[in-house]
Amino acid sequence: MTMKPVFKKTKGLTEKATHYCPGCTHGIIHRVVAEVLEEMDVLEDTIGVASVGCSVMTYEYFNCDMTQSAHGRAPAVATGIKRVLPDRIVFTYQGDGDLAAIGISEAIHAAARGENITIIFVNNAIYGMTGGQMAPTTLIGQKTITSPEGRESVSQGLPMRVSEMIATLDGAAYIERVSSHDVPHIAKMKKAIKKAFEIQKKGLGFTMIEVLSTCPTNWGIDAIESLEWVKENMIPVYPLKVFKNLEEVK
Amino acid sequence: MAKLLMKGNEVIAEAAVKAGCRYFFGYPITPQNELVTYMAKRLPEVGGVFLQAESEIAAINMVYGAAGTGARVMTSTSSPGYSLKQEGISYLSGAELPAVICNISRGGPGLGNIQPAQSDYFQATRGGGHGDYYLPVFAPASLQEVADLMGDAFDVADKYRTPVLILADGVLGQMMEPVEFSDKVVEELPKKDWATTGTRGDGGPKIITSLDLDIGGLEAHNSRLKDKFENITKNEIRYEEYEIEDAEYILVAYGSVARIAMSAIKLARKAGIKVGLIRPITLWPYPQEPFIKTRDKVKGYMSVEMSAGQMVEDVRLAVNGHAPVSFYGRNGGVIPTHEEIYEKIVQLSGGVKA
Ligand SMILES: Cc1ncc(C[n+]2csc(CCOP(=O)(O)OP(=O)(O)O)c2C)c(N)n1
Ligand code: SF4
């Protein structure tokens, strides 16, 4: 009897073991992006841009050419690459501190220009790498080390819905928010990410997939509770939805 | 090729295009706007890309991305914008990416004004951003020199995999002079097997990064960078000497001020004062040689600058206590006249206190 493989490691990832904490969904998101690039057979034509955050070492994990960028600047770096190599697939992988705080300008303008790149925007409602500070995406009441009593709106502002905001820009071609908290949602995430890369391949413009993700280490709860926390607390504030689909508009 | 009458900013742009630069990412700021305007029209004509970025920060990071593909790429700005580019320049240096940056400098600090100044010297010659790095700095004094230097700037950038700065004050950016471009055409750029262009046919993923979390690894990387900077210092120093053979006093000036100093020296020579000029063309690496060979013979040096006194520190380092060093400068956008420099030469030769 021959054995049939039911699960294979994707060629889109290198052999290197990731450094993510147990229960962190960064690794799942990596795998999904890598599988999509492999399935589309574009790994050899792809240049990825790593950002600054827990995913900074992502350039060692994706099995394609990679550039590491300064904090928040990945969309500008990707723009530079794409303008020289318009027929390659160019993507950035950015956290919510990286994209929504220090890099919001670069993200908005890349979208406004209709830059033909794909952003994988990982929203875990916190700064992971620096030890759990409040992010623009931190929920009201959420405790972080810089909002120790829980974020309150009067002095600390309100959570930022980046996908909704970017979707208002005419240059944005496809914007969707997905989640990584269970298997059906991971399947949906994969569909969304594939869609974004396909749109880029067709040259239709700016695409961004926001993925709700976990940070058990800085949320101070375990892996299972974290998945639950995404479902119970994040999704109500960050609804899962296609916010822009230029193909449908046509 | 025939002589053309052009504005400084346009000469920089055209010379860059002739050097094979096809990508430009910029942001408006006076007094370098003509450079951006010229590129916006010119680059599409030669199949290149001009992009107006949303900020200098974005522009330099676009340069970083484009440089990573191996393309010849440039950005330009003026002082406040140059400050914003420092983060990206540090990353370019750390990741060893070639690119050319122009600073058509103006009065500072802060918003300062839009008149010419040389007060970004410290920032230019000490790296400017964070970390242990330098970048080659070319300081042309005429538009013909600009036309001749741009190709070398791109070559030095490629050869050493480093960002290179063209530091020209607003006088050079705004003035018009006849220039002749060389007929040399850049046919093929040097091969860049490190460039991230996709892995098709080249074996495996390439990585561009300035990060090394392993302390031994980063120290080794920085030592390699240090060796590179020493190599650049060995090979790329440029300067001009003017009337220094019999000089008792030597002025030191760069860029447009060097030309005004030359006029002052002519006046002084007529008056019988033996004075000459050292004009650094590279501000980093700084020329030591012309000082070493003159410092035990002359009675003194005077650094003349459009700043409150910046390059004078490098003059002191090069003279190393062998002779008195003084300073004369105007700043805030004021351009010194050759008459006032002449007066200073007269005072200097009247008796320099050690
Ligand atoms: C200019 C600059 N400022 C600050 C930092 C420090 N820093 C590193 S990672 C990070 C936050 C990253 O958070 P996020 O983007 O949410 O990613 P996560 O770690 O949660 O995946 C910060 C502020 C830096 N490296 N550079
Ligand atoms: S700190 Fe948070 S985001 Fe970073 S790897 Fe750990 S769980 Fe993931």
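Worth knowing before you read on, the calculation uses all heavy atoms, side chains too, and leaves out hydrogens, waters and symmetry mates. Labels below follow one simple rule: chain letters A, B, ... track the order of the sequence lines, proteins then strands, and each chain is numbered from 1. These figures come from a predicted structure and were not determined experimentally.
In terms of heavy-atom pairs under 4.5 angstrom with chain B, the leader among A/Asn63, A/Val49, A/Val56 is A/Asn63. Chosen from B/Leu211, B/Val49, B/Ile60, B/Thr197, the residue pairing most often with chain A at heavy-atom distances under 4.5 Å is B/Thr197. Most heavy-atom pairs under 4.5 Å with chain B, from the set A/Asp65, A/Thr79, A/Ile81: that is A/Asp65.
Put simply, the side chain of A/Met57 reaches to within 4.5 Å of the side chain of B/Leu213, judged on heavy atoms. No side-chain heavy atom of B/Glu96 sits less than 4.5 Å from a side-chain heavy atom of B/Ser210.
Ionic pairing of B/Glu45 and B/Arg42 is present here: one or more N-O contacts between side-chain nitrogen and carboxylate oxygen are shorter than 4.0 angstrom.
Within the structure, salt bridge (charged side-chain N to carboxylate O under 4.0 Å, His left out) contacts touching residues 77-91 of chain A (residues at least two apart or in different chains) are A/Arg83-A/Glu115.
Neither the backbone nor the side chain of B/Val63 comes within contact range of chain A; no heavy atoms are under 4.5 Å apart. Neither the backbone nor the side chain of B/Ala59 comes within contact range of chain A; no heavy atom of the residue lies under 4.5 Å from a heavy atom of that chain. Both the backbone and the side chain of A/Thr67 come within contact range of chain B, with heavy atoms under 4.5 Å apart. With a 4.5 angstrom heavy-atom cutoff, A/Ile108 does not touch chain B via any of its atoms.
Ring planes of A/His26 and A/Tyr93: tilted class, angle from 30 to 60°.
Residues satisfying the ring pair (Phe, Tyr, Trp, His ring centres under 6.0 Å) test with B/Phe229, not counting sequence neighbours, are B/Tyr134, B/Trp284.
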